[in-house]
Amino acid sequence: MSILSRLFARSRKSRLTIGILGAPNAGKTTLANRISNECGNGEPLGVVSPVPHETRECSALEHCVISDQNGSLDLTIVDTPGIATSIDYREFQQHGLTRQDSIQRAKEATRGVIKAIQSLDKMDAAIVVVDAARAPFDQINWTVIGNLEARRIPIIVAANKSDLADADPELVKETFQSDIIPISAKDGSGMNELYGSILSVSGM
Amino acid sequence: MNCMEVSYRFQECEVQKVDLRINFVTENTTRKMNSTQKCDFIISKLKEEAAVIIEGGLSPEEEAALIEEAMTQIDHQEFLGYKILNPAPLRMREGLFSHKNVKMTVVAPHNYEHLSIALV
């Protein structure tokens, strides 16, 4: 091990709270569940659904352990509700929900968005999950990234759904002018690179 | 309030015509407002079905505050939130030979489906 590596290993945090943030239906809960399955106790953090705002509460999973040659990192993963600027209950009706259920879901979704915004202050680092198959990318991603930068919270941009034919991770990179990790939370591709990035930010 | 309201009509897509009211808020005006006042002003205009262009733009923290405030005010009938756009800064003439880049934030009612097409 080089001197530099040993210094880096010594300065690296042993515990990290990392938030998973982004727009609705970007694949945040799918990613959280995969991390739990690969590094935690395997318990899913939430239900995955094509209906937007399925996740309406922040949920955390402690003691997900990832490691490299420099040691281990004990992660607390926080899955957050999708952040949006509008909630239209009629969108839920299009997914087959009754009007009453749709309005109830919309009310819970507005509270979920507030909780997601407020969770920004409680994170050591964040994974911003962008749906790489849905360009133009949601403006909310810039709001989230801007707020994380203002709080000096290290960010990893994950270009999710890279397994889809329409996905364009290069466009994500170009758009956000940032290093990105192409992943598929669904099939697991890119996860080792993502864990490598998490280990890197823990040394910041 | 030092803001200018303009109304115009534009052809949207092929057949649908939409009235779009825009409030242009100068940097001089927003400089005198704190974050809460900006959010209240923007949401009051959104509830009047008008878009707001803010010279100087909103900071990321103000954008987050606007989201939080809007979420508390969504009534699931009339007000359902908004759309936001931060176009590339505009290069504006400052003096005879000088220019400056001015950031703008555009906030519009949530049902302005073609905001980016209309304003960028």
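Every heavy atom of this structure was used, including side-chain atoms; hydrogens, water molecules and symmetry mates were not. Computed from a prediction, not measured in an experiment: that's the story for all the values here.
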Exercise for the section: Verify the neighbour count for atom NZ of A/K186: are there more than 12 heavy atoms of other residues, nucleotides or ligands below 6.0 Å? Expected result: no
Handout entry: Which portion of A/A116 sits near chain B, non-hydrogen atoms under 4.5 angstrom
Key = neither
Practice task
Give, for atom NZ of B/K83 and atom CG of A/D138, the distance between the pair rounded to the nearest 0.5 Å.
Solution key: 8.5 Å
Problem - Neighbour count >12 (heavy atoms, 6.0 Å) for atom CG, B/D75 - result: yes
Problem - Side chain to side chain, B/T72 and A/T110, heavy atoms closer than 4.5 Å - result: no
Fill in the blank from the handout: Heavy-atom closest pair (B/M71 atom, A/A84 atom, distance to 0.1 Å) is CE-O, 3.2 Å
Completion exercise
Hits for side-chain contact (heavy atoms from CB on, under 4.5 Å) against A/A135, two or more places apart or cross-chain, chain-then-number order -> A/F137, A/L171
Problem - Toward chain B, the part of A/R111 with a non-hydrogen atom under 4.5 Å - result: neither
Completion exercise
Greatest number of non-hydrogen atom pairs under 4.5 angstrom with chain A, of B/H76, B/E63, B/E61, falls to B/H76
Exercise for the section: Sort by residue number and list every member of residues 139-147 of chain A having a non-hydrogen atom under 4.5 Å from chain B. Expected result: A/Q139, A/I140, A/T143, A/G146, A/N147
Exercise for the section: Could you list all the side chain to side chain donor-acceptor pair (under 3.5 Å) pairs where at least one residue sits in residues 75-87 of chain A, not counting sequence neighbours? Expected result: A/T29-A/D79
Handout entry: Heavy-atom check, side chain of A/I87 versus side chain of B/L80, under 4.5 Å
Key = no
Practice task
Under 4.5 Å heavy-atom distance to chain B, tell me which part of A/L120 shows up: side chain, backbone, both or neither.
Solution key: neither
Exercise for the section: Not counting sequence neighbours, list each pair that qualifies as a salt bridge (charged side-chain N to carboxylate O under 4.0 Å, His left out) and has a residue in residues 141-170 of chain A. Expected result: A/D121-A/R151, A/D131-A/K161
